[in-house]
Amino acid sequence: MREPPVYEDITDFNALKTFMMNQLQEQSQQPGASAKKLVLFTDAIQHVTRIVRVIGQPRGNMLLIGIGGSGRQSLARLAAYICDYKVFQLEVTRGYRKQEFREDLKKLYRLAGVEGRPTVFLLTDTQITDESFLEDVNNVLSSGEVPNLYKADEFEEIKTILQEKAKEENVPDTPESLFNFLIERVRNNLHIVLCMSPVGDPFRNRIRQYPALVNCTTIDWFSQWPQEALLEVAERYLEGVELGSLEGINGKVARIFVTMHRSVADYCHKMKLELKRQNYITPTSYLEVVSRYKRLLNEKRTELGEKASKLRNGLFKIDETREKVEKMSEQLAIARSKVAEFQKQCEEYLVIIVQQRREADEQQKAVTAHSEKIGAEEIKCKALAENAQKDLEEALPALEEAMRALETLNKKDLSEIKAYGRPPPLVETVMQAVMILRGNEPTWAEAKRQLGESNFIKQLINFDKDNISERVLKKIGQYCVLPDFQPDIVGRVSLAARSLCMWVRAMEMYGRIFRVVEPKRARMNAAMSQLAEKQASLAEAQNKLREVGERLEQLKLQYDEKLAQKEQLRAEAELMEVKLQRAGTLVTGLAGEKTRWEETVKGLEQDLGFLVGDCLLASAFLSYMGPFLSSYREEILSIWSKEVREMLVPCSPQFSLTTFLSSPTMVREWTLQGLPSDSFSSDNGVIVTRGNRWPLMVDPQGQASKWIKSMETANGLRVIDLQMPDFMRILEQAVQFGTPALLQNVQEDLDPSLSPILNKSVTKVGGKLQIRLGDKDVVYNPEFRFYITTKLSNPHYTPEISSQTTIVNFAVKEQGLEDQLLGSVVRKERPELEEQKQSLVLNIAAGKRKLQELEDEILRLLNEATGSLLDDVQLVNTLQTSKVTATEVSEQLESSEETEEKIDLAREAYRPCAQRASLLFFVLNDLGRIDPMYQFSLDSYIDLFHMSIDKSKRSANLEERITNLNEYHTYAVYRYTCRALFERHKLLFSFQMCAKILEVAGKLNMDEYNFFLRGGVVLDREEQMDNPCTGWLSDANWDNITELDKLANFHGIMNSFEQYPRDWHQWYTSPEPESACLPGEWENACSEVQRMLIIRSLRQDRVAFCVTAFIINNLGSKFTEPPVLDMRAVVEDSLPRSPLVFVLSPGVDPTGALLQLAEQCGMSQRFQALSLGQGQAPIATRMIKEGVKDGHWVFLANCHLSLSWMPQLDKLVEQLQVEDPHPDFRLWLSSSPHPDFPISILQASIKMTTEPPKGLRANMKRLYQLITEPQFSRCSKTSSYRRLLFSLCFFHSILLERRKFLQLGWNIVYGFNDSDFEVSENLLSLYLDEYEETPWEALKYLIAGVNYGGHVTDDWDRRLLGTYINDYFCESALSASFYR
């Protein structure tokens, strides 16, 4: 062990700070160190000293408690560096579990125990992917020993290494001693630093379960940064930043940063109280705001400076062009005079040239005639030569063949002939002919002698065949005509003689033909000599002609030179004229631009002055505003703007994030790509595209996901989710190749393996950017973009995730949805207008984009032009194009404005429809706060709206049509939603619909409505008037009345209780106070809503009746009578892609009804059911895949019992949306309400509650629907069966209705269900068929005593059951008409 450093008091804090800063700088220069910029304010220094003090002690461990981003890890690393300790941290990958953790522990033990290196084990709660990790950490802290960490062979290796060191320490060489020695070394060298967040239940549970986390560590709380720390950090970051000439401007901006951070923290608390939305503002967010401010300020200064510079340069070029125009006019006059002078010289030269051209033409004619004559003679000579050659070529093939035959002969062949003592006659004849041709004696002896010569063959080959004498030729001819003197015949005797025979015959043929050709050659040679003489005379004539031509050419050159000079001057003059025209075009064309550019330059200069404040607001907006709704954003921005103005920091009077950081062109592009057009969504678009951290979009309705997919698909977007087994591989490829990636449908926890990407832990190695993903380094492409979306409407993300990502709330806004629905209704009702509007919007957007591009091009050309602008044709053409386009766009804008007014007038007429539809959707959306299963998708709702447009009653009168559509759609929404609601929520839903409709119509006083919802809460009882009616009026009700008196229309109601106590008591005790007259003037003074407020204050038991009457009076009675669930109609309305979900109620099982439905629909043979539970997931997956393929009905019951498999089910349902399932396929699910049930399944599904409806009529209608047509007709005693079936339905409904009165209805609440009814109905049919007389006693006993009575345990309840059955099952029920 090392000696612990001396612990002493700090006397000079500045010296300590300087020391810390130096250590921090040295640490940042270490290889692989991150480039984070830390500001060591007082609190941070104190934290470092605490950590150093603890880990500097033997076995000192720390528990750092604070929210993510508070600096725990950074300060712990700095403290470890100061102590010269190695920092060991886990590299969490996908699938990192206990086995991998144990392997890392072994590495840690090797470092600390085997190598003896002092080590800090830095472990954060985000790295704890398995709770068993903490069990091992707990053991390390308490005893240093992790059970079963090493296998026997692994420990043997460690023993070998430790033996030498153990001897030095006098440790016995036994396994147990060496193991204890290892543990001691580990405990002495290892310091565990745990970083944990106090947010949520996990921290509390871990502290309870693992006591060593507290008992064996020193706790250091990282609380919220104090104001001084925030101010110090901001001032440090702003050092050296030029913010203007205002005195103390840097300090003012730093104080504004602090105000911003604190105001956002306050609004996070406010949002938590008001909306139950949890959001965390971490120090990381604050650091990001300050650092982003510096970058943004530099970017905007550069951007606006370049724009202004380009415009100023353009203005300078325009002024310069005007000056050049005057000089050019003078130069043009001089050039014109020179052109005239050169024109005269050219005409003089032309006369001489024409005269000499005439002479040359005459000579040319003579030479041409002479050459034509010579050409004809030349053709004749060529014909003679060709004729001679043709004759000669007849002998050439035989000659060539003879030569080839000779070449094949060798000495052996000749020796063969020579060897003959007496040659065969044919051989002798051949040799005689050869000797005659050679001019030798034609004897065999001479022939043998000649054959003996070495060059005999060569002499034959080179024989002078052109000079064979006539005598020799005749002699040879005699031989050749001999019948046996043929090569083939000779060849039978001797091959060598055959070749010589061929040569003789060839020589004879050649000599004979050559005698004919020779005279022809002589004639040809004579003709050629004459031709040569004539050609020589022709050449002489041509030479003379050439000399004349050269003189003529010289004159031409002189003429061309003068002409070129004239043309050059003329071209210069024309160019000057063109330049003057361009100058006119430029001056007139840029005149309007000049005025506009001068104004733009002024605006840019003004914007540059506002940048200090605008960048301040923009950087804070980007970092802080994402999670907030628009109302909160507006309030926070007003606080910031007020603070900026009070500090006299220059900023724009009306700051807008979208205007400041985006452009109208970009916003239009986003709108076309599917982003809603309201300002809230546009701001979200800016936050997503301009934020430093990757966006995590809260997107319950999928609008952000659609926008991202539309915007990035062209860039190769990769869509992944955490359920995909290879999602990290896909993400690695996206990081490497710079393609965007969308991680969708995340829950409240993110996979720890994503941390390097979320933290942007990028390092530069060898000039390349790299990021470590898991256990490997991946090249990081700066073009990579990462988007995350969640379907959760109100997720609770930890501070760590809040600091790693930019959470952006993409909740649907009323304005955006209303515009979207308005487009839908107009597209349906007046498609031609909507198409025209869309076309106009696209054309105008394209025209404006083109104008902007042309202006940018003009400025670029002006900026890049080095010489005169008048030489730049491209600039002039671009200017002309821009003016034409500008004119066209202006005309188009004028016409489009007129058309748009008409379109908007027609569209606005349908605004009430869109308004009503939007309102109803938000009523549906709010239902999710009541029950987690009440989730509705916007896409499904829009489909429902389209169906309402198609099915609602048409009318030529627009107002009547709108009324019809609104009424139809309102009831369609009610019907659509009621089948998914529990009975207790249906009236609430109707009331909410009614209230919202009246609120939008301006018929509802919101103060009164809020009182009706919340009641009266007395905050100051000292000023409260005493209750004048204590005998019958409770204090809670009196509180309601005193608070009601504060409303505008209820002043004096408190006093009326003193004036009319008896009247109020009479009203209070009436059985139906909603119908009774109110005391005094209140009967005539109160409207229906105000009367409801009085009932809500005094008689809460009658509120439901008031609400029902209120709904009937304003919407109609059908909105208080929920339709009975018709499952067959649900199947007909459904699609194979949409799951059908039963939301279960206690004691109700939909399986029987579903089996009955399958039989009715002919699907009983293709119906598969499975109750989910442990081990059922693979079976369920297989059933779904088979069902998709073969068209089965698949029913998965009790999904709430298999929540761990729900993400996979969600994936299967998502695949249904892109696959083409069998048309008959249906996926049925049942689940009890559970917050972890996948939202995307609920949104994509048709939901049905299995709860019996409220009310006798509704229950009886539902029961009759359970009876199929065959059941209804199967009993032979039809009349008795139908009457008693009615009695049974009434009996069952009465039993269910009494349950709502709890102990007043039944002493014990029983779970009567549909199975009781079905069994009783079967008994009724069976017994009526079996007996002639109705067996009353048997039926009553079996139904009330056994079937329903089986549930009943209380005697009084059993008596009540018997009373009902006796009343309903009696003879009068069959005999009396309308028996009651």
Side-chain angles (χ1 to χ4, degrees), residues 92-96 669-670 672-675 684-685 687-747 749-762 768-792 795 797 801 804-808 810 939 1207-1219 1238-1240 1244:
V92 179
T93 59
R94 182 164 174 78
Y96 188 92
E669 287 292 330
W670 290 344
L672 294 173
Q673 288 160 352
L675 188 70
N684 283 345
I687 294 172
V688 167
T689 54
R690 295 296 298 266
N692 281 351
R693 293 170 287 174
W694 301 125
L696 196 169
M697 292 164 272
V698 180
D699 185 31
Q701 297 304 335
Q703 293 198 317
S705 184
K706 288 178 186 173
W707 169 56
I708 294 296
K709 288 175 182 176
S710 177
M711 178 173 66
E712 295 286 14
T713 298
N715 300 321
L717 178 71
R718 308 299 299 271
V719 181
I720 57 176
D721 60 58
L722 295 177
Q723 275 66 54
M724 295 170 64
D726 60 343
F727 87 90
M728 275 306 294
R729 182 181 59 78
I730 297 171
L731 199 53
E732 284 174 14
Q733 291 174 353
V735 168
Q736 193 170 355
F737 298 113
T739 54
L742 170 61
L743 174 61
Q744 59 184 8
N745 299 342
V746 300
Q747 299 301 308
D749 296 317
L750 296 181
D751 196 300
S753 57
L754 293 172
S755 294
I757 293 176
L758 297 179
N759 295 327
K760 297 187 178 179
S761 305
V762 180
K768 288 184 178 180
L769 296 176
Q770 286 189 349
I771 187 168
R772 188 165 184 80
L773 298 180
D775 54 356
K776 61 180 178 180
D777 292 320
V778 177
V779 176
Y780 184 87
N781 192 316
E783 295 297 315
F784 169 70
R785 294 179 298 286
F786 191 39
Y787 307 95
I788 310 172
T789 62
T790 177
K791 285 258 184 191
L792 301 175
Y797 286 112
I801 293 177
Q804 287 176 326
T805 62
T806 300
I807 298 174
V808 188
F810 262 87
D939 291 339
Q1208 281 73 31
L1209 178 61
D1210 189 9
K1211 190 72 179 170
L1212 291 170
V1213 171
E1214 185 184 339
Q1215 287 174 359
L1216 288 179
Q1217 312 307 314
V1218 294
E1219 290 179 357
I1239 291 174
S1240 51

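- The aromatic ring centres of Trp694 and Phe784 sit less than 6.0 Å apart.
- Using a 4.5 Å heavy-atom cutoff, the side chains of Gln703 and Leu675 are not in contact.
- Checking side-chain atoms of Asn684 against main-chain N and O of Ile687 turns up no donor-acceptor pair under 3.5 Å.
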Given Phe727 and Asp721, is the side-chain contact (heavy atoms from CB on, under 4.5 Å) satisfied, shown in steps?
CA-CA 7 Å; Phe727 87 90; Asp721 60 58; over 6 Å; no
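- Checked by atom type and distance alone, the side chain of Thr806 never pairs as donor or acceptor with a backbone atom of Pro695 at under 3.5 Å.
- Using a 3.5 Å distance cut-off with no hydrogens or angles, the side chains of Gln723 and Glu1214 do not pair a donor with an acceptor.
- Judged purely by atom type and a 3.5 angstrom limit, Ser710 has no side-chain atom pairing as donor or acceptor with the backbone of Trp707.
- Considering only residues two or more places apart in sequence or on other chains, Lys760 meets the salt bridge (Lys or Arg N to Asp or Glu O under 4.0 Å) condition with none of them.
- Within the 4.5 Å cutoff, no side-chain heavy atoms of Val735 are placed close to those of Asn781.
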Walk me through it: do Gln747 and Thr790 pass the test side-chain contact (heavy atoms from CB on, under 4.5 Å)?
CA-CA 6 Å; Gln747 299 301 308; Thr790 177; 5.7 Å; no
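- For Tyr787 and Glu712, the side-chain atoms include at least one donor-acceptor pair closer than 3.5 Å.
- The shortest side-chain heavy-atom distance between Thr805 and Tyr797 does not fall under the 4.5 Å cut-off.
- Each of Val688, Val698, Thr789 was scored for a side-chain contact (heavy atoms from CB on, under 4.5 Å) with Phe810, with one residue passing: Val688.
- Applying side-chain contact (heavy atoms from CB on, under 4.5 Å) to Leu754 and the options Val746, Ile788, Leu722 leaves one that passes, Leu722.
- For the residue pair Asp699 / Ser705, no side-chain donor-acceptor distance below 3.5 Å is found, with atom types taken as modelled.
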Check the pair Thr739 / Leu717 against side-chain contact (heavy atoms from CB on, under 4.5 Å), numbers first and verdict last.
CA-CA 6 Å; Thr739 54; Leu717 178 71; over 6 Å; no
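- Side-chain contact check for Asn715 versus Arg785: some heavy-atom pair is nearer than 4.5 Å.
- For the pair Asp939 and Lys706, the salt-bridge criterion is met [side-chain N within less than 4.0 Å of a carboxylate O].
- A 4.5 Å side-chain heavy-atom check between Leu769 and Pro782 finds at least one atom pair inside the cut-off.
- With no hydrogens or angles considered, a side-chain donor-acceptor pair links Asn759 and Gln804 at under 3.5 Å.
- Taking Tyr96 as the reference, Phe133 meet the ring pair (Phe, Tyr, Trp, His ring centres under 6.0 Å) condition, with sequence neighbours excluded.
- Between the side chain of Arg718 and the backbone N or O of Gly716 there is no donor-acceptor pair closer than 3.5 Å.
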